[in-house]
Every structure is written in structure tokens, then in C-alpha cells.
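See below for the structure under consideration.
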There are 2 protein chains.
Amino acid sequence: MSDTQDVLFRTLADPTRRALFERLCREGEKTVGALTARAGVSQPVVSKHLGILKQAGLVRDRHEGRQTHYSAQLGALAPLVDWTSEMAGFWQNRFDQLDDLLKRMDQ
Amino acid sequence: MSDTQDVLFRTLADPTRRALFERLCREGEKTVGALTARAGVSQPVVSKHLGILKQAGLVRDRHEGRQTHYSAQLGALAPLVDWTSEMAGFWQNRFDQLDDLLKRMDQ
DNA sequence: ACAATCCATACCTCGTTGGCTATGGATTTA
DNA sequence: TAAATCCATAGCCAACGAGGTATGGATTGT
């Protein structure tokens, strides 16, 4: 039910947005202009995507004069890691149960 | 660049689809009818979502008479785990406050 | 053979969203 | 002060996608 997972998945589903986030992870803090230069889309589009990433908690911004610096907030990925771990856990449990069952049938 | 990540994120971005996948992870193999009963959407919609999940490699189907059984293919989540790990790696190279996240991922 | 059930496909509709241009506020530079 | 730069917002449009209903093929039950 956790809504944060939904926000994360929806936010990272867009390739342009994911690319922006990846660049911030790889290269660290960047201004909007620097990001726009290699984004392949217009500056307003970059700003909008950064706004969405910010709202999802995946980036934070820092204002310095007339430019805005964005940086990745990797901690926001935790719910995603938790979700995958949970799914893997269920999977493991089912195999344990199957193991159990097979052992019973064996005797 | 990897297109598989894109497919995974896009596929899991939809709540209905994610719910179906979660149920298959939690409860194991299910028929379309059983899934539809609690999905909150119509049967054709469920079938369509299952088709998309299958195309993404997240589920597999098994035909038995007139019904189709679907089950989760958890291995398909690997690219997603890899991606988060990669992002975490970049981040860690720059700073060093990653303990919390790493603990979760270590499980 | 006929009816009923299970599932998938086809088709349509409508809301969401990612892209653009235009514009304006804020700041720096000439 | 005037011009230029940086960024965000607003408004618009086209495309995608998730939902529905209708339908048909395949299988099971009567």
C-alpha cells in the first residue's frame, strides 16, 4: 500500500528523468544549465523533471545567485530496495515451504 | 542505456500491475480468474496487465485446460537491483554516509 | 450436441503526461 | 541603468496508456 513506492516507481519510469538522476549520481551536483546542455530536451522540460524528482525526494536543490544546483538524495531509494527485498523474501519463503512439503512427502 | 531497466521501471510503475506481481510473489501461482476476483478491475484488464508483465519477463504462464496459471519470475528483478546498486556505488564514491542503505541491501 | 466457463483479443474513450514555446522574475555583467 | 543570463511557470498539444465493453476461440460440463 505504501504510497512512497508508487511515487518512486512512477518518477523513475521516465527515461529522461532517470537519466537526469543518474547523471546527478555519477557526476554530483550540477546546475540546471549544465544538465540541460546534455539532456536532449529543452530547459523548461529539465526544470519540470527536476521538480518532479525533488517532489519524490530523489534530489535536493541549492540556490546560489541566479542558478540552482541540484544533487542526488540516494537515501530516497531505500523504499525501492526494501520492496525488492520483500518480493525476494516471499519468493524464498515459498521455496522453503515447497522444500518442507517435499521432505514430508519423502518420509 | 540498458533497455531492460526501462522496461522494468515502466512495467512496475503501474499500481494495478505491481499489485498483481506482488500477489504472485506472496501467494504463488494463480489463475487469471483468481487474480481477477480481487484485482478491482475487469478480467480483460487483468489479462492485459499479465501480458505486459510476461513481456517484461516478470511472470511466466502455464496453460492447463481452459485456464492459464501465472507465476512470478523473481530473477527478472535483477537489473533493478543492479541499477540501485550502481547508483549507490556512485554516491558512495563521492560521500561516505551510506551505512543505512547498505544495511538494508545486505539483508 | 449444447450450454457454460475461462481467457485473450479488438476496439473505443478519456485522463495523464512529456514535449514544446512564450514569458517573466531574479541576478549578474557591461 | 541597460542588457544579458539563468531558471521557473504557464499554456498548449500530441501521444501514450489504463480502463471499459463486446466478442470469439477453446475447453469443460450437462
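Chain letters run A, B, ... following the sequence lines, proteins first, then strands; residues in each count from 1. Keep in mind that what you see is a predicted model, and the values were worked out from it rather than measured. Just so you know, these numbers use all the heavy atoms, side chains as well, and skip hydrogens, waters and symmetry mates.
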Q. Could you give the distance from CG (B:Leu8) to CG (B:Leu58), rounded to the nearest 0.5 Å?
A.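 Nearest 0.5 Å value for the CG-CG distance: 5.5 Å.
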
For B:Arg62, the salt bridge (charged side-chain N to carboxylate O under 4.0 Å, His left out) test, sequence neighbours excluded, returns B:Glu29, B:Glu64

By salt bridge (charged side-chain N to carboxylate O under 4.0 Å, His left out), B:Arg26 pairs with (sequence neighbours left out) A:Glu86, B:Glu22

Rounded distance (Å) that lies between atom [atom2] of [N] and atom [atom1] of [X]:
X	N	atom1	atom2	result
B:Lys48	C:dT13	NZ	P	15 Å
A:Phe9	C:dT17	CZ	C1'	20 Å
A:Arg17	C:dT16	CZ	C1'	12 Å

In this structure, are over 12 heavy atoms from other groups packed under 6.0 Å from B:Arg23 atom CZ?
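Above 12, so yes.
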
inquiry  = Please give me every residue in residues 58-65 of chain B whose heavy atoms get under 4.0 Å of an atom in DNA chain C, ordered by residue number.
reply    =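 Output list: empty, so none.
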
For B:Gln67 and A:Ile52, take the nucleotide of DNA chain C holding the closest heavy atom to each; which residue's nucleotide lies nearer the 5' end?
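Nearest nucleotide further toward 5': that of B:Gln67.
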
- Task: Could you tell me how the ring of A:Trp83 sits relative to the ring of B:Phe21: parallel (under 30°), tilted (30 to 60°) or perpendicular (over 60°)?
- Result: tilted

message = Starting the side chain at C-beta, find the nucleotide from C:dC20, C:dT9, C:dT27 nearest to B:Pro44.
response =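 That would be C:dT9.
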
A:Pro79 and A:Gly75 have their tightest heavy-atom pair at CD-O, 4.3 Å

**Prompt:** Which pair of heavy atoms, one from B:Cys25 and one from B:Ala72, lies closest together, and at what distance?
**Reply:**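 Closest approach of B:Cys25 to B:Ala72, heavy atoms only: SG-CB, 3.8 Å.
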
Verify side-chain contact (heavy atoms from CB on, under 4.5 Å) between A:Thr11 and A:Gln55, making sure each step is shown before the conclusion. CA-CA 9 Å; A:Thr11 301; A:Gln55 199 167 357; over 6 Å; no

At a 4.0 Å cut-off to heavy atoms of chain A, the contacted part of DNA chain D spans D:dA4 to D:dT9

**Main-chain N/O of A:Ala13 paired to B:Arg10 side chain as donor or acceptor, under 3.5 Å** =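 No, the answer is negative, given that no donor and acceptor are paired below the 3.5 Å cut-off.
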
Walking DNA chain D from its 5' end, the first of B:Thr16 and A:Leu50 to be reached, judged by nearest nucleotide, is A:Leu50

Notebook entry, point to check: Among residues 30-43 of chain A, which contact DNA chain D at a heavy-atom distance under 4.0 Å?
Noted result: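 Only A:Thr31, A:Val32, A:Gly33, A:Gln43 qualify.
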
- Query: After noting the C-alpha distance and the side-chain angles of A:Leu24 and A:Val59, does the key distance pass the side-chain contact (heavy atoms from CB on, under 4.5 Å) rule?
  - Reply: CA-CA 8 Å; A:Leu24 290 177; A:Val59 302; 3.7 Å; yes

Show me the donor-acceptor pairs, under 3.5 Å and distance only, between side chains in residues 31-45 of chain B and residues at least two apart or in other chains.
unit_1	atom_1	unit_2	atom_2	d
B:Thr31	OG1	B:Ala34	N	3.1
B:Thr36	OG1	B:Val32	O	2.8
B:Gln43	NE2	B:Ser47	OG	3.1

